[in-house]
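Predicted model, so just to flag it, every value in this text is computed and none were measured. Reminder, nothing fancy here: chain letters follow the sequence lines and each chain counts from 1.
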There are 2 protein chains.
Amino acid sequence: MEPFVSSFQNKIDKKGRVSVPAAFRTILDRDVQADGVHQVFCYPAIEAPAVECGGVPLLSKIYQLLEDLPPYSEERDVLSTALFGGSLQLKIDSDGRIIIPDEMREHANLTDYVTFVGMGDKFRIWSPELFASYMAEAREKAIEHRKLFGMKYDRK
Amino acid sequence: MEPFVSSFQNKIDKKGRVSVPAAFRTILDRDVQADGVHQVFCYPAIEAPAVECGGVPLLSKIYQLLEDLPPYSEERDVLSTALFGGSLQLKIDSDGRIIIPDEMREHANLTDYVTFVGMGDKFRIWSPELFASYMAEAREKAIEHRKLFGMKYDRK
DNA sequence: TTGACTTCCATAAAATCCCATGATATTCCA
DNA sequence: TGGAATATCATGGGATTTTATGGAAGTCAA
């Protein structure tokens with residue numbers, strides 16, 4: 001499965017439209033509906049002020065994850081509420097753009113520009129400022145990790 | 001697995017294109033996508049002002065590392081942001097050239113010429129000047145190490 | 001009609017394709 | 001073995017396509 005990689009900064013126009021980066025679109029396009037409707041699955045990220053997005057594979061992955069949790073457990077309830085409760089299917093228009101609803105824009109503090117960030121099986125939409133600081137921290141943590149068990153991918 | 005070896009100096013033309021050395025290309029080509037798209041996976045080298053590159057195996061190694069972490073853990077999100085968000089998948093055009101985006105060019109100080117340096121399972125793209133000084137330093141360190149090794153045997 | 005939301009078209013910049021060239025390396029055969 | 005014929009490679013530049021983005025016209029509901 002081809003991953004979402006790299007990050008891109010795009011603009012929200014006055015009608016509220018943003019282009020989904022072409023690279024991400026081609027990944028999402030692989031599971032286009034029979035009716036030819038292009039869509040993204042989105043929900044507010046749990047521990048970050050960003051919108052989390054993915055295609056059908058992500059959706060089934062989440063299903064799977066929830067299935068594996070004991071039914072009626074608190075964890076399952078909380079997760080399924082958080083992930084599915086606030087989730088939306090956004091339509092990608094013929095020019096590759098989406099409109100991010102207000103609730104999500106507020107959650108992620110999105111105003112005029114947004115940054116799309118690839119995370120492998122999903123991607124996030126950030127306000128560029130918030131992303132910059134998150135990324136700075138993420139880099140540091142990644143370096144620490146590398147020291148701990150970076151050998152896994154450093155070796156050979 | 002055939003390793004990336006030796007180094008090559010190529011030019012960045014005014015459109016920003018650089019030829020990936022043919023020797024490296026043939027290694028990368030072994031895992032071409034089904035759709036025939038040739039790509040390189042790149043990210044800023046952590047401990048050096050250079051761009052680090054590899055093929056699909058390098059990418060899957062990272063993917064694997066992340067798969068092993070619990071989904072929806074903060075740890076995993078942070079790492080995948082740093083690793084995937086900070087990486088690039090550069091397309092290799094029909095003439096074997098890539099375009100290195102500005103962020104990377106800045107990180108590695110790339111201007112008109114670049115040096116491709118094989119490192120086994122991956123390779124790096126350096127500014128020729130920075131690479132020369134890095135190389136000189138590496139040599140010195142190697143000599144020192146050698147002296148240390150030597151003492152082991154000399155003493156006795 | 002107004003306002004929200006589409007679908008459709010326009011455009012500029014950037015990416016990509018395609019072909020040409022000179023330089024090197026490789027092959028082939030008398 | 002020499003040396004011409006052939007391939008490969010890095011590089012340049014024009015032509016074409018994609019992409020992001022702007023705006024106009026069309027649709028629908030209140």
Interatomic distance, [X] [atom1] vs [N] [atom2] [rounded to whole Å]:
{"X": "B:D93", "N": "D:dT16", "atom1": "CG", "atom2": "P", "result": "18 Å"}
{"X": "A:I98", "N": "D:dT21", "atom1": "CD1", "atom2": "C1'", "result": "15 Å"}
{"X": "A:Q9", "N": "D:dT19", "atom1": "CD", "atom2": "C1'", "result": "16 Å"}
{"X": "B:I92", "N": "D:dA10", "atom1": "CD1", "atom2": "P", "result": "12 Å"}
{"X": "B:N10", "N": "D:dG12", "atom1": "CG", "atom2": "C1'", "result": "14 Å"}

Quick check against the 3.5 Å criterion: does A:H107 have a side-chain atom that pairs as donor or acceptor with the backbone of A:D102?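 No: the side chain of A:H107 does not pair with the backbone of A:D102.
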Under a criterion of less than 4.0 angstrom to any heavy atom of chain A, what are the 5'-terminal and 3'-terminal contacting nucleotides of DNA chain C?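 Result: C:dT6 to C:dC9.
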By the definition side chain to side chain contact (heavy atoms under 4.5 Å, CB included), identify the one residue from B:F4, B:F131, B:F8 that meets it with B:V117.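 In the set B:F4, B:F131, B:F8, the residue that makes a side chain to side chain contact (heavy atoms under 4.5 Å, CB included) with B:V117 is B:F131.
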Which residue in the set B:L90, B:I62, B:L88 passes side chain to side chain contact (heavy atoms under 4.5 Å, CB included) when paired with B:F41?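 It is B:I62, the one option of B:L90, B:I62, B:L88 that forms the side chain to side chain contact (heavy atoms under 4.5 Å, CB included) with B:F41.
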For the student: nearest non-hydrogen atoms of A:A142 and B:A82, plus distance: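 Shortest heavy-atom separation between A:A142 and B:A82 comes out as CB-CB, 3.8 Å.
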Counterpart residues, side chain to side chain contact (heavy atoms under 4.5 Å, CB included), relative to B:E140 (two or more places apart):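 Counting only residues at least two positions away or on another chain, B:E140 forms no side chain to side chain contact (heavy atoms under 4.5 Å, CB included).
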Find every protein N or O atom lying less than 3.5 Å from an N or O atom of nucleotides 6-8 of chain D, and list the pairs.
none

Could you give me the CA-CA distance, side-chain angles and deciding distance for A:R139 and A:E144, then say whether salt bridge (Lys or Arg N to Asp or Glu O under 4.0 Å) is met? CA-CA 9 Å; A:R139 281 231 164 87; A:E144 270 169 44; over 6 Å; no
Can you find a pair of side-chain heavy atoms, one from A:C42 and one from A:M104, that are under 4.5 Å apart?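 The answer is yes, as the side chains (C-beta and beyond) meet within the 4.5 Å cut-off.
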If we only count heavy atoms from C-beta on, is the B:L79 to B:L69 side-chain gap below 4.5 Å?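 Touching, per the 4.5 Å side-chain cut-off.
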Applying side-chain contact (heavy atoms from CB on, under 4.5 Å), run through B:N109 and B:E106 and close with a yes or a no. CA-CA 5 Å; B:N109 239 278; B:E106 276 165 31; over 6 Å; no
Quick one: side chain to side chain donor-acceptor pair (under 3.5 Å) pairs with a partner in residues 3-18 of chain A, sequence neighbours left out?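 Counting only pairs at least two positions apart or across chains, the side chain to side chain donor-acceptor pair (under 3.5 Å) contacts touching residues 3-18 of chain A are A:D13-A:R17.
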Using side chain to side chain donor-acceptor pair (under 3.5 Å) as the criterion, list what pairs up with A:D95, not counting sequence neighbours.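 Listed in chain order: A:R97.
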Base contacts versus sugar-phosphate-only contacts with protein, heavy atoms under 4.0 Å: please encode nucleotides 22-30 of chain D as B, S and - from 5' to 3'. BBB------
